[in-house]
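What follows is a short report on a single structure.
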Protein chains: 2
Amino acid sequence: MKTSVSPDTFPPRGHEAKRVSIVEAAASVFCREGFAGANIDLISAEAGVSRQTVYNHHGDKERLFIAVVRDLTERCNAGIFATIATFPDQPVDLEADLIGFAVRLNRNCICSRDGKFLRKLIQAEGERYPELFAEWLEQGPGRTLPAIAARFARLAHGGHLAIDDPDVAARQFLGLVNAELQTTFMLGGTPREEDVLRSATNGVRTFLRAFGARRNVAVGERHPVLAEA
Amino acid sequence: MKTSVSPDTFPPRGHEAKRVSIVEAAASVFCREGFAGANIDLISAEAGVSRQTVYNHHGDKERLFIAVVRDLTERCNAGIFATIATFPDQPVDLEADLIGFAVRLNRNCICSRDGKFLRKLIQAEGERYPELFAEWLEQGPGRTLPAIAARFARLAHGGHLAIDDPDVAARQFLGLVNAELQTTFMLGGTPREEDVLRSATNGVRTFLRAFGARRNVAVGERHPVLAEA
DNA sequence: GACGATTTAGACAAGGCTGTCTAAATTTGT
DNA sequence: ACAAATTTAGACAGCCTTGTCTAAATCGTC
């Protein structure tokens with residue numbers, strides 16, 4: 001018997017494939033019905049697996065739930081960091097580049113299936129599992145927000161933006177580019193691509209009105225323009 | 001027997017008092033446990049009432065849930081409109097006045113007990129009751145957002161702000177002043193008063209950097225709004 | 001104090017769910 | 001093709017929950 005955490009075969013087959021499909025089905029059902037409303041029979045049916053197999057893999061409902069949250073957190077984090085890697089450090093057209101970044105962030109991380117599921121589970125069950133979601137807070141926002149802030153700090157340092165507090169600016173950036181999607185998110189919906197683009201465009205424009213390095217530079221300020229390595 | 005929707009006596013006594021305490025207890029339990037996890041025995045105990053009384057008043061669990069959402073929507077709307085009435089139409093110190101407005105909005109409407117309950121119920125059960133929450137969308141954001149936008153439009157018309165699209169500006173204002181409270185909201189927590197103030201202050205400052213009717217503000221300069229009155 | 005309306009405690013049936021168990025069937029590695 | 005590991009279907013006990021019912025107690029009002 002192989003322990004098989006391994007990427008020997010992709011997509012995974014047999015035993016491991018079942019584990020994956022169980023966690024995926026469970027994510028969907030927990031998200032749709034909540035922890036209490038979720039039903040193991042429904043999860044196993046949706047996973048195409050017998051109920052006993054669910055118990056064989058995960059022990060009980062609560063441990064399955066925890067596995068689901070950990071899995072979603074991990075995958076969402078990976079998506080966010082991959083997207084942060086596309087942040088425009090040497091912007092050509094700052095407005096267009098930031099809009100692109102905001103749209104990618106939305107599409108790949110916030111509106112994605114995993115993102116939606118994780119968001120809903122945190123909102124619905126966060127208070128019941130304080131340790132679990134403290135872990136999420138630490139691994140998620142606790143690492144991604146500073147990473148985004150660091151990118152804005154670098155843009156500011158390069159003279160492309162006039163930012164005092166990069167951490168606040170990062171949070172405000174996210175608040176702005178999602179400003180028009182709030183009610184859709186509240187209701188658990190997925191905004192249309194065109195709405196994501198509009199919200200990002202309006203948000204970035206406002207962000208740049210507030211933080212864009214202006215032509216008439218104040219006293220002691222480094223001259224912004226394009227020159228850097 | 002009195003039909004008694006009336007404000008004959010306040011606080012209500014007898015029959016009506018029980019109806020109120022049932023709905024309040026139900027709001028608390030539904031919010032904490034979700035619809036499926038909520039337990040009528042627990043609700044009746046928390047309301048200080050027998051289980052049969054709950055059924056006498058509301059029929060069944062689902063109708064009780066709907067009554068709770070309607071009640072919360074109504075009370076939250078009342079709170080928001082009361083707060084909108086304090087919007088600074090003739091600002092003395094625009095920054096301070098907008099910060100005050102944002103803080104009141106948070107304290108009275110968003111962080112209030114009712115606000116928190118309603119938010120959580122919408123997030124958790126919104127997809128299961130589309131008509132009910134379409135109603136909420138219409139009565140809530142559908143009326144409050146335009147009301148706030150109208151106030152910003154008036155400030156713009158009076159030359160206090162430079163706003164193109166008041167509707168977008170209103171949504172961005174809300175996104176900005178809540179930018180630093182997002183994760184706390186996600187987890188169902190109530191932010192500390194000092195965090196509300198800090199987020200509002202930073203948010204309003206950024207908002208005014210973007211939309212303040214400016215006298216040539218340059219990068220490092222402090223905002224002009226302060227010196228008035 | 002008396003009357004009708006309301007509330008209460010408790011029992012109850014019907015149904016759903018979790019988690020366990022078994023024995024048979026199937027898959028996997030060699 | 002064989003043997004071990006895994007999966008399956010189904011039955012099952014135990015528990016919890018909803019919603020109903022009843023008879024007694026309490027409340028509110030005249």
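Note on naming: letters A, B, ... go to the chains in the order of the sequence lines (proteins, then strands), and numbering restarts at 1 for each one. Computed from heavy atoms alone, side chains included, the values below leave out hydrogens, waters and symmetry copies.
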Notebook entry, point to check: Rounded to the Å, how far apart are Lys18(B) NZ and dT6(C) P?
Noted result: 13 Å
Check: Near DNA chain C, which residues from residues 23-34 of chain A have a heavy atom under 4.0 Å away?
Finding: none
Margin query: Please give me every residue in residues 124-133 of chain B whose heavy atoms get under 4.0 Å of an atom in DNA chain D, ordered by residue number.
Written below: none
Next item on the list: Would you mind listing every side-chain hydrogen bond (donor to acceptor under 3.5 Å, both in side chains) that reaches into residues 132-145 of chain B, with sequence neighbours excluded?
Entry: Arg70(B)-Glu135(B)
Next item on the list: Please work out which of the three classes, parallel, tilted or perpendicular, describes the rings of Phe87(A) and Phe101(A), given edges at 30° and 60°.
Entry: perpendicular
Next item on the list: Taking the six-membered ring for Trp and the full ring for Phe, Tyr or His, determine whether the centres of Tyr129(A) and Phe65(A) are under 6.0 Å apart.
Entry: yes
Note to self: Do the side chains of Glu33(A) and Lys61(A) get close enough for a salt bridge, i.e. N-O under 4.0 angstrom?
What the structure shows: no
Margin query: Heavy-atom count check: over 12 atoms from other residues, nucleotides or ligands less than 6.0 Å from Glu131(A) CD?
Written below: yes
Item checked: Qualifying salt bridge (Lys or Arg N to Asp or Glu O under 4.0 Å) pairs, either residue in residues 72-81 of chain B, two or more places apart -> Glu24(B)-Arg75(B), Asp71(B)-Arg75(B), Arg75(B)-Asp114(B)
Next item on the list: Check the distance between dT18(C)'s P and His58(A)'s NE2 and give it to me in whole angstrom.
Entry: 15 Å
Might you list the N or O atoms of the protein lying below 3.5 Å from N or O atoms in nucleotides 17-20 of chain D, with each pair's distance?
{"residue": "dT17(D)", "atom": "OP1", "partner": "Asn39(B)", "partner atom": "ND2", "Å": "3.0"}
{"residue": "dT17(D)", "atom": "OP2", "partner": "Asn39(B)", "partner atom": "ND2", "Å": "3.4"}
{"residue": "dT17(D)", "atom": "O5'", "partner": "Asn39(B)", "partner atom": "ND2", "Å": "3.3"}
{"residue": "dT18(D)", "atom": "OP1", "partner": "Ala38(B)", "partner atom": "O", "Å": "3.1"}
{"residue": "dT18(D)", "atom": "OP1", "partner": "Ile40(B)", "partner atom": "N", "Å": "3.3"}
{"residue": "dT18(D)", "atom": "OP2", "partner": "Ile40(B)", "partner atom": "N", "Å": "3.4"}
{"residue": "dG19(D)", "atom": "OP2", "partner": "Tyr55(B)", "partner atom": "OH", "Å": "3.4"}
{"residue": "dG19(D)", "atom": "OP2", "partner": "Lys61(B)", "partner atom": "N", "Å": "3.2"}

Next item on the list: Please step through salt bridge (Lys or Arg N to Asp or Glu O under 4.0 Å) for the pair Arg205(A) and Glu95(A), ending with a clear verdict.
Entry: CA-CA 7 Å; Arg205(A) 291 215 174 114; Glu95(A) 178 175 306; 3.1 Å; yes
Notebook entry, point to check: Using the C1' atoms of the five pairs at each end, what is the angle between the end axes of the helix from dG1(C)-dC30(D) to dT30(C)-dA1(D), to 10°?
Noted result: 50°
Checklist line | Spacing of His57(A) atom NE2 relative to dA5(D) atom P, expressed in whole Å | finding: 15 Å
Notebook entry, point to check: Whole Å only: how far is the CZ atom of Arg19(B) from the P atom of dC27(D)?
Noted result: 20 Å
